[in-house]
Amino acid sequence: MADGNSTTPRFAGLDIFRGLAVAGMIVVNTPGSWDYVWWPLDHAEWHGFTPTDLVFPAFLFTVGVALGLSFPKRIDAAIWLRIARRTLALIAIGWAFQFLVRPDIANFRVLGVLERIGLCYALAASLAILTAKRDTANRSHLNVPAILSTAVGALLLYWGLMTLVPVPGFGAGQLSPEGNLAGYVDRALLTTAHMWRGGTDAAGNVVYDPEGLLSTIPALANVLFGMLAAAIWKAAPERATARIALAGAALALLGLALHPVFPLNKKLWTSSFALFTSGLSAMLLALATIAARRPALRKPLYPLHVLGMNAILGYVLSLLIGIAGFKLFVGRDTLQGWCFAHLLQVILNPWLASFVYAAIVLLIIITALLPLHRRGIHLRL
């Protein structure tokens, strides 16, 4: 993914915010035991919102910010090759992990977190290039009206599809796990064998995928709103923080206002959810930017800066640790189960022990990235 010139102090807020998003992904995905997870560290069961539901949308928002900050002044054929390479690399890494989890084609999950990042990146980057404006010096610039109208159009389109298009056997407007249009499209095109195993109805049947095909439409809006935040920054850096925060507050309030008619739902990635999480992301980006300008805050936030500069590698390491925890055994217990059992001997509260396990994984990853960061080695897909 493009990073922009994020190594300079003026962009340090983005690295801190991106690091915070990845840290959240790591802590959420690697508890000591899935039986003991505090509610803020778990997704909402269906409609509703928890802090965990913000983690992935926030990362998509940072993808958009980085795209906007690094938008090229000159557009040539090489740019399309870079977009294709980055997109295919993200999808390939995602598929490699799917094969590690389910090593057979018959039950291979086609879509997932990295695949969604890749698709949203490709769509957003392509839109930005195809709609770019040129000045008198033939330099390219983001077309803010085109990006904003596409984001709004994507959210309205998804809202219309989910509420007006009937699903066989359920009718139109059903937002239940088994009756929603997004789940129906995934079952029809991907088949349940290639969907997320946790997307079940009350009877235990696989019926939806939170990273499915149709819900990629509103997820794209999160990236586009990130690009708009970058455009605000580039237009007036000295006033950008306040403007981004105010715009974020407006988006978040709009998302909440729509909740009664199109509920906040991460697993369906509803339009209200995309607005709400984009708004929260913008406000957190503004706070991270303020923190990056304060020496007293910048030092304790340095680990997040390190993680944000190597976000994809950090996330990949967390996936490897998670897979190893389930695939490797110590005696009759998995490695993760063995570690959790030993933590329980020191920390009697199982929920706290489960969180501490995730925090240790996060610390291990940051420690592994630190020498790379000091040598200026950062994974750029």
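Counting from 1, the numbers follow the sequence of the chain as shown.
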Report the relative orientation of the aromatic rings in F99 and F108; use parallel for angles under 30°, tilted for 30 to 60°, perpendicular for over 60°.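 Parallel, since the angle between the ring planes stays under 30°.
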To the nearest 0.5 Å, what is the distance between [atom1] on [X] and [atom2] on [Y]?
X    : Y    : atom1 : atom2 : result
D76  : I129 : CG    : CD1   : 9.0 Å
T30  : I365 : OG1   : CD1   : 6.5 Å
L155 : L224 : CG    : CG    : 9.0 Å
L69  : T62  : CG    : OG1   : 11.0 Å
E115 : F97  : CD    : CZ    : 10.5 Å
L90  : Y121 : CG    : OH    : 8.5 Å

Verdict with supporting geometry, L100 and K327, side-chain contact (heavy atoms from CB on, under 4.5 Å): CA-CA 9 Å; L100 287 175; K327 296 287 187 179; 5.9 Å; no
Give the intermediate values and the outcome of side-chain contact (heavy atoms from CB on, under 4.5 Å) for residues V27 and F355. CA-CA 8 Å; V27 170; F355 170 74; 4.1 Å; yes
Donor-acceptor side-chain pairing of D53 and H43 below 3.5 angstrom: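 Judged by distance alone, the side chains do pair up.
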Sequence neighbours left out, cut at 3.5 Å: what donor-acceptor pairs do the side chains of residues 237-264 make with other protein atoms?
unit_1: T241; atom_1: OG1; unit_2: R293; atom_2: NH1; d: 3.4
unit_1: H259; atom_1: ND1; unit_2: L264; atom_2: N; d: 2.9

[X] side-chain N/O to [Y] backbone N/O, donor-acceptor pair under 3.5 Å:
X    : Y    : answer
R139 : K73  : no
T270 : N265 : yes
N180 : P177 : yes
R298 : A292 : yes
N205 : D201 : no
T216 : L213 : yes
K234 : G68  : yes
S354 : P31  : no
R109 : Q98  : no
R375 : P371 : yes

For residues 158-172, which residue pairs pass the salt bridge (Lys or Arg N to Asp or Glu O under 4.0 Å) check, not counting sequence neighbours?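 Every candidate salt bridge (Lys or Arg N to Asp or Glu O under 4.0 Å) pair involving residues 158-172 fails, so no pair, neighbours aside, qualifies.
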Same hydrophobic cluster for L88 and V110, using side-chain heavy-atom links shorter than 4.5 Å among ILVMFWY?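 Looking at the clustering, V110 is in a separate group from L88.
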ILVMFWY cluster, W34 and I26 together (side-chain gap under 4.5 Å):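 Yes, it is one cluster - the side chains of W34 and I26 are joined through contacts under 4.5 Å.
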Specify the closest pair of heavy atoms between [X] and [Y], including all atoms of both residues, with the distance to one decimal.
X    : Y    : result
L142 : A128 : CD2-CB, 3.9 Å
C120 : L60  : CB-CD2, 4.4 Å
S278 : A221 : OG-O, 4.4 Å
G24  : V55  : C-CG1, 3.7 Å

Validation row: [X], [Y] side chains within 4.5 angstrom (heavy atoms):
X    : Y    : result
L369 : L317 : yes
T192 : V207 : no
F49  : T277 : yes

Tell me which pairs pass ring-ring contact (aromatic ring centres under 6.0 Å, His included) where either residue lies in [range], with sequence neighbours left out.
range            : answer
residues 308-334 : none
residues 181-226 : W46-Y208
residues 283-303 : Y302-H373
residues 61-88   : none

Under the side-chain contact (heavy atoms from CB on, under 4.5 Å) rule, what do L220 and L127 come out as? Steps first, then yes or no, please. CA-CA 11 Å; L220 171 64; L127 172 71; over 6 Å; no
Between T50 and D42, is a side-chain contact (heavy atoms from CB on, under 4.5 Å) present by the stated rule, with each step listed? CA-CA 7 Å; T50 73; D42 200 1; 5.9 Å; no
Using the rule ring-ring contact (aromatic ring centres under 6.0 Å, His included), only one of Y357, F340, Y36, W39 pairs with W351; which is it?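 Among Y357, F340, Y36, W39, the one meeting ring-ring contact (aromatic ring centres under 6.0 Å, His included) with W351 is Y36.
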Among L379, I377, L307, V22, which one satisfies side chain to side chain contact (heavy atoms under 4.5 Å, CB included) with L313?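 Filter result, single survivor: L379.
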